[in-house]
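We use all heavy atoms of the structure for the numbers below, so side chains are in, but hydrogens, waters and symmetry mates are not. In what follows, residues are counted from 1 in the order of the sequence shown. Just so it is clear, the model here is predicted, and its values are computed rather than measured.
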Amino acid sequence: MGKRLLIFAIIFLSLLAFTIWRAQPPFRLHRKLLAKLPYEPYILLITDLDDDGHPEVTAFFWFWDKPPIWVRFPFDKPSRLRFENVPADLMVDCPFVLKALPVLTADGRLRLLRWKDGKAKLEPLPDLPDVPMEGACIGRGASMETVFLGVYRGKGKNVWLFILSPQGEWKFASRATRLRITDLADFDRDGFLDALWTGDVAWVFWGGQKGKETNLGAWMRYGSPQIADLDGDGWMEIVMVARDKRLKIWRFDRRERRLKVVAASPPLPVTDAAFSLNLFDLDGDGRKEILVADWSGNFGVFQWRDGKLKMWQGRAGLKEAGLYWEQVKFGDHLALCTYQFRTVWLFPPRIWFEGWKLRWQFREKVQFSVFCLLPKGEKALFPSNWRIQEAPFCLKFAGDIDGDGSDEVIGYDGRWRRWRLYRAEVTKAGELRWRDVLLGREGLWAFAILIDRERRGLVVAWEDGRLELLTMESRK
């Protein structure tokens, strides 16, 4: 009898120890509540309005008439400040720390909001006439990640363009005669930024040359023209899929002093509603390649080097792939991410009352992320070499939170209806293994990486108005 009790006790303690070990998170995550805001933030910006060298968090809300809230000293003792009577709807996701926020006053004048001597101050924007404007809009380039501000009069036919410098200051860039500029770049290298505009037809407005425009022709939807220095020689190219379904590369010709098509592909098997055009560095050499992907999983990779356009076509094993792609980095491995829909069982099932009737749902169509793990070097240019793996979540944010050079991921687990923070490890077999920490069930709306010298973390905004700072230990 004693031996049986001993064996039973050993088994019980072993199972208990295994359960406790499994219940421990795979990595340490520190969570700090910064503020409880009265509304749902829709965007978070990292700012330094007082110019003290320590960044803060500024939250903006869904409703344009709600003033922004400034959260100071997030790593130490966070305090919040509400900017009353400041309509700050001119914001977009920004990769830089802003030193001033652009705002439109009640009389239509554009001002820069700063914090000086313990007070909020509105300063005029340099190189902009101090007269009432009809409006302003802000945008961010898809490939160059340029943040620019357009201020206009004359029903949008007289536009002043300002660009956000890496130091967080707004500087005059160019003039244009149309609104909704797509991106800015200096194509002719004359010292003035030129504006790319994409309506049904793509146009280039030349900076420093008032009234000069170049028509690039019509382009196919979901393949918006993009800008990049594809071959690394310092001259910018424009990539677009024209209405004849050919991929075309536009470049400034120094002899003819104009933009011209320097390369074109054969007609591609694409349609208006089922393909996407993206620029990614696939082989890790610091220069971008062109990726054309359609809904059926057909891929075309193009590379512009030494005046020649090379093309690789193939399938990567995806069916009904998403049209939106992004690139992430796990250690020294690059990966592309898109999404797919799949019907799954819900745990637990949804049960609710509708009127006087009891309703339930056991299955639902859920969105999952799909990762294409790229091999290193030139092998990454062949789509057939990509390793496809579906993740158990839908990616909502990817970035290097702990500063170790590898991206962490925040995703929504649609099966369990939970938000989790994931770390990825690439196994020797070339597969992604996920380790996660549970964050919560409420919706996450906005994310921003906060870096204050050697300290860094991720600020997240929940749908109930909570702002949290997530910090974690590096894997190095």
Side-chain angles (χ1 to χ4, degrees), residues 22-23 25-27 29 31 40-44 62 93 222 273-274 276 278 293 295-297 316-330 335-354 358-373 386-399 401 407-426 431-448 458-468 470 472:
R22 288 289 297 173
F27 52 88
L29 177 68
R31 307 175 64 168
E40 301 173 5
Y42 86 98
I43 192 170
L44 297 176
W62 285 107
D93 286 326
Y222 294 100
S276 63
N278 297 277
W295 184 263
S296 301
L318 284 175
K319 295 182 180 179
E320 297 184 357
L323 297 179
Y324 301 99
W325 292 76
E326 62 181 296
Q327 190 171 37
V328 293
K329 183 180 180 183
F330 301 128
L336 300 179
C337 178
T338 185
Y339 63 89
Q340 285 183 334
F341 286 93
R342 187 160 55 85
T343 302
V344 299
W345 291 95
L346 297 179
F347 301 103
R350 283 198 178 101
I351 301 176
W352 73 96
F353 279 100
E354 186 176 312
L358 181 65
R359 304 288 187 183
W360 57 85
Q361 183 180 7
F362 295 95
R363 290 166 61 86
E364 186 179 29
K365 198 172 186 179
V366 176
Q367 183 173 315
F368 288 93
S369 290
V370 178
F371 290 87
C372 303
L373 197 62
W386 300 352
R387 193 173 189 114
I388 309 300
Q389 184 172 337
E390 184 182 277
F393 56 85
C394 179
L395 183 146
K396 299 297 181 181
F397 169 84
I401 300 175
D407 289 338
E408 283 75 34
V409 171
I410 288 184
Y412 181 68
D413 185 351
R415 182 184 284 108
W416 292 91
R417 302 192 293 279
R418 297 290 189 274
W419 290 87
R420 303 177 189 272
L421 175 64
Y422 295 87
R423 265 181 170 171
E425 296 178 358
V426 182
E431 297 181 352
L432 292 174
R433 181 172 61 185
W434 301 100
R435 300 182 182 275
D436 67 273
V437 171
L438 178 65
L439 293 180
R441 184 166 184 172
E442 296 84 4
L444 279 172
W445 289 105
F447 312 89
L458 178 70
V459 182
V460 297
W462 297 87
E463 66 178 354
D464 60 0
R466 284 180 294 128
L467 281 188
E468 272 193 329
L470 309 181
M472 53 197 307

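Among residues two or more places apart in sequence or in another chain, the side chain to side chain contact (heavy atoms under 4.5 Å, CB included) test is passed with R433 by E425, T427, R435. Listed by chain and residue number, D413, D436 satisfy the salt bridge (charged side-chain N to carboxylate O under 4.0 Å, His left out) test with R420 (two or more places apart in sequence, or in another chain). Taking W462 as the reference, nothing meets the ring-ring contact (aromatic ring centres under 6.0 Å, His included) condition, with sequence neighbours excluded.
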In sequence, state the C-alpha distance, the side-chain angles, and the governing distance for F353 and L358, and then conclude on side chain to side chain contact (heavy atoms under 4.5 Å, CB included). CA-CA 5 Å; F353 279 100; L358 181 65; 4.0 Å; yes

Using the side chain to side chain contact (heavy atoms under 4.5 Å, CB included) rule, take L373 and Q389 through it: C-alpha gap first, then chi angles, then the decisive distance, then the call. CA-CA 8 Å; L373 197 62; Q389 184 172 337; over 6 Å; no

F368/V344 under side chain to side chain contact (heavy atoms under 4.5 Å, CB included): CA gap, chis, key distance, verdict: CA-CA 11 Å; F368 288 93; V344 299; 3.7 Å; yes

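Residues W386 and C372 approach most closely at CE3-CB, 4.1 Å, considering heavy atoms. For the pair P349 and R417, the tightest heavy-atom approach, listed with the atom from each and the gap, is O-NH2, 4.1 Å. Heavy atoms only, all atoms of each residue included: A398 and V328 are closest at CB-CG1, 3.5 Å. Considering every non-hydrogen atom in both I401 and L470, the closest pair reads CG2-O, 4.0 Å. Among all heavy-atom pairs drawn from A424 and F330, the shortest one is CB-CD2, 3.7 Å. Heavy-atom minimum distance, W325 versus S276: CD1-OG, 3.6 Å.
Taking CD from E390 and CG from L432, the interatomic distance works out to 12.5 Å, rounded to the nearest 0.5 Å. Rounding to the nearest 0.5 Å places OG1 of T338 at 10.5 Å from OH of Y324. Of the inter-residue distances, the one linking R441 atom CZ with W416 atom CH2 reads 11.0 Å to the nearest 0.5 angstrom. Atom OH of Y412 sits about 11.5 Å away from atom CD of Q367, to the nearest 0.5 Å. Summarising the geometry, atom CG belonging to L421 is positioned 5.0 Å from atom CE belonging to M472; distances are rounded to the nearest 0.5 Å. How far CG of L395 is from OH of Y339: 13.0 Å, rounded to the nearest 0.5 Å.
A donor-acceptor pair under 3.5 Å is formed between the side chain of W419 and the backbone N or O of E442.
Looking at N278 and L336, their side chains never come closer than 4.5 Å, going by heavy atoms from C-beta outward. For the pair R415 and V366, the minimum side-chain heavy-atom distance is 4.5 Å or more. Residues L467 and L44 meet the side-chain proximity criterion, which asks for heavy atoms closer than 4.5 Å. Between F397 and L444 there is no side-chain heavy-atom pair separated by less than 4.5 Å. In this structure, Q361 and W352 have side chains that are in contact, with non-hydrogen atoms separated by less than 4.5 Å.
No more than 12 heavy-atom neighbours from other residues, nucleotides or ligands sit within 6.0 angstrom of CH2 on W360. Residue-environment remark: CZ (F362) exceeds the threshold of 12 foreign heavy atoms within 6.0 Å.
Ring planes of W434 and F371: tilted class, angle from 30 to 60°.
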